[in-house]
Peer 1: 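After the structure tokens below, expect a handful of questions from me.
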Amino acid sequence: MSGGGERPELGQVPETALWTLWHRALEARRPDTVLPDPKAVELVDRIDFPFAERFGTSATQAQLQALRAACFDREVADFLAREPRGTVVCLGEGLETQYWRVDNGRAQWLTVDLPESVALRERLLPPGARQRYLAADATELGWADEVDRNREVLITAQGLLMYLQPARVRSLIAGCAERFPGGSLVLDAVPRWFSRLTLKGTMRAHGYQVPPMPWAMDADERGKLRTAGPAVAAVRDVRPTGGRGLVGALLPLALSTPPLATRRPSVTVLEFAERPEQS
């Protein structure tokens, strides 16, 4: 299936934005979907790209991607319930449509992504009054100066960090923790076995070659993220819930039974320490 008139030409890593968009839309088209996402369906219908031929039509893969996105949605929705006028900073957002799923009508949203990804997003998802798109390297942290420090901040890094070198991941986490006291970062990671396969070039999905993923973390290693910087105060696991059919039946086992419980993709929240009061 391909859509309408927009024909994106993206590099290997930015092309993953199309891969995740396709699978969210594939899941969202189901009447029993685990992630209603009409904006994703609309986008796929508008984009001239051979999605099915390139990425396949695996219902299981689509549901797993949707359950991952739902973990991020849940954390953002909880943050906005506590801080209705807070700021959500989305690093490496690609064509994620989370804003249209969980926005509360009052929050500020900042997308930070590579220039080619931002250009495509601006064409397909023009920003609203409370949205801003910034073309920049998310790891350079210059974008932090664009964030209103009078608002509480939640940062998301969905489908981003695995494409970075480990030292760059630690530097980004430490930098965010230092610049946003009292804030938090929601990130996801692939397990080490998956990373190894991508680095060997043997991880393929349908006709799609998965890009190299240098950074990985087994689920039981999340505590090590506290060592990224002194301002990282707490680490918390975010587990997918729900699920349909075989995925729904096996998910509780995968989350609790070794070795699956430790060698699975994970979503993690890092809480940042408050800045000490000046005496």
Side-chain angles (χ1 to χ4, degrees), residues 10-21 65 68-69 71-72 75 88-96 98 110-118 120-121 133-147 153-180 183-203 205 208-219 221-232 235 237-238 263-270 272:
L10 295 173
Q12 189 182 35
V13 172
E15 191 189 29
T16 62
L18 297 176
W19 190 87
T20 54
L21 170 66
Q65 285 299 310
R68 180 189 74 162
C71 287
F72 281 83
E75 289 301 317
V88 182
V89 180
C90 306
L91 305 181
E93 193 173 29
L95 294 175
E96 173 58 63
Q98 183 180 68
L110 173 65
T111 294
V112 183
D113 212 335
L114 298 172
E116 63 180 317
S117 297
V118 165
L120 181 62
R121 186 175 178 87
Y133 300 166
L134 183 63
D137 182 339
T139 66
E140 294 295 337
L141 287 166
W143 55 264
D145 296 332
E146 306 292 324
V147 180
V153 175
L154 174 103
I155 304 163
T156 68
Q158 182 177 179
L160 170 66
L161 301 186
M162 58 281 294
Y163 300 110
L164 307 179
Q165 292 297 327
R168 213 154 177 79
V169 173
R170 291 179 64 84
S171 176
L172 177 60
I173 291 172
C176 288
E178 291 163 7
R179 287 164 176 78
F180 298 102
S184 54
L185 168 64
V186 191
L187 60 91
D188 60 337
V190 297
R192 292 185 180 275
W193 66 266
F194 191 94
S195 170
R196 286 193 293 269
L197 291 179
T198 69
L199 295 176
K200 291 177 181 176
T202 56
M203 179 57 70
Y208 176 61
Q209 175 71 53
V210 178
M213 298 182 180
W215 183 70
M217 178 185 75
D218 287 345
E221 295 181 292
R222 74 182 66 84
K224 295 179 182 178
L225 295 176
R226 287 196 64 174
T227 68
V232 180
V235 179
D237 187 23
V238 182
R263 298 175 185 172
R264 60 176 172 86
S266 56
V267 177
T268 303
V269 177
L270 305 182
F272 303 149

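Owing to the predicted nature of the structure, the values given are computational and were not obtained by experimental measurement. Note that these values count all heavy atoms, side chains included, but never hydrogens, waters or copies made by symmetry. We're numbering straight along the sequence, starting at 1.
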Peer 1: Please walk me through it: do T198 and M162 pass side-chain contact (heavy atoms from CB on, under 4.5 Å)?
Peer 2: CA-CA 10 Å; T198 69; M162 58 281 294; over 6 Å; no

Peer 1: Can you tell me how far CZ of F272 sits from CD1 of I173, rounded to the nearest 0.5 angstrom?
Peer 2: 7.5 Å

Peer 1: Can you measure from CH2 (W143) to CG (L110) and round to the nearest 0.5 angstrom?
Peer 2: 7.5 Å

Peer 1: Taking all non-hydrogen atoms of both residues into account, name the closest pair between P211 and T16 and its distance.
Peer 2: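 That closest heavy-atom pairing would be CG-CG2, 3.8 Å.
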
Peer 1: Would you name the heavy atoms of P115 and A135 that are closest together and state the gap between them?
Peer 2: CA-CB, 3.9 Å

Peer 1: Please enumerate all residues that pass side chain to side chain contact (heavy atoms under 4.5 Å, CB included) together with S171, with sequence neighbours excluded.
Peer 2: none

Peer 1: Got T20 and R68 here, is their nearest side-chain heavy-atom distance under 4.5 Å?
Peer 2: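 Counting from C-beta outward, T20 and R68 do come under 4.5 Å.
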
Peer 1: So, the side chain of Q158 versus the backbone of L187: is there a donor-acceptor pair under 3.5 Å, distance only?
Peer 2: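 No, because the side chain of Q158 does not come within donor-acceptor range (under 3.5 Å) of the backbone of L187.
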
Peer 1: Quick one, V269 and E75 - any side-chain contact, counting heavy atoms below 4.5 Å?
Peer 2: yes

Peer 1: Using modelled atom types and a 3.5 Å cut-off, is there a donor and acceptor pairing between side-chain atoms of R263 and backbone atoms of D218?
Peer 2: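 Judged by distance alone, no pair lies under 3.5 Å.
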
Peer 1: Could you measure the distance from the CG atom of L91 to the CG atom of D137? Nearest 0.5 Å is fine.
Peer 2: 10.0 Å

Peer 1: Out of V153, L141, V147, I155, which residue meets the side chain to side chain contact (heavy atoms under 4.5 Å, CB included) rule with R179?
Peer 2: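 It is L141; the other options fail the test.
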
Peer 1: State, to 0.1 Å, how close M203 and Q209 come at their nearest heavy-atom pair, and which atoms those are.
Peer 2: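 Here M203 and Q209 meet closest at O-NE2, 3.3 Å.
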
Peer 1: Could you report the tightest heavy-atom contact between A177 and V232, atom names first, then the distance?
Peer 2: CB-CG2, 3.9 Å

Peer 1: Would you say that V89 contacts F180 through its side chain, given a criterion of any heavy-atom pair below 4.5 Å between the two side chains?
Peer 2: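 Counting from C-beta outward, V89 and F180 never come under 4.5 Å.
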
Peer 1: For T156 and C90, which heavy atoms make the closest approach, and how far apart are they?
Peer 2: OG1-CA, 3.4 Å

Peer 1: Is any side-chain heavy atom of D188 closer than 4.5 Å to one of F72?
Peer 2: yes

Peer 1: Measuring from atom CG of L197 to atom CE of M213, what distance do you get when rounded to the nearest 0.5 angstrom?
Peer 2: 11.0 Å

Peer 1: Could you tell me whether a side-chain N or O of Q165 sits under 3.5 Å from a main-chain N or O of P214, the two making a donor and an acceptor?
Peer 2: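 No: the side chain of Q165 does not pair with the backbone of P214.
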
Peer 1: Please list, chain by chain and in numerical order, all residues satisfying salt bridge (charged side-chain N to carboxylate O under 4.0 Å, His left out) with E140, sequence neighbours excluded.
Peer 2: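 Residues passing salt bridge (charged side-chain N to carboxylate O under 4.0 Å, His left out) with E140: R168.
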
Peer 1: Under 4.5 Å between any side-chain heavy atoms of R196 and L199, yes or no?
Peer 2: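 Answer no - side chains too far apart.
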
Peer 1: Is there a donor-acceptor pair under 3.5 Å between the side chain of R170 and the backbone N or O of A167?
Peer 2: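 No; zero donor-acceptor contacts below 3.5 Å.
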
Peer 1: Can a donor-acceptor pair be found, under 3.5 Å and without considering hydrogens, that links the side chain of R121 to the backbone of E96?
Peer 2: yes

Peer 1: Roughly how far, to the nearest 0.5 Å, is the CG atom of L225 from the OG1 atom of T227?
Peer 2: 7.5 Å

Peer 1: What closest approach, in Å, do A174 and A228 show between heavy atoms, and which atom pair accounts for it?
Peer 2: CB-O, 3.3 Å

Peer 1: In Å, rounded to the nearest 0.5 Å, how long is the span from CG of L160 to CH2 of W215?
Peer 2: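 Here the rounded value is 10.0 Å.
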
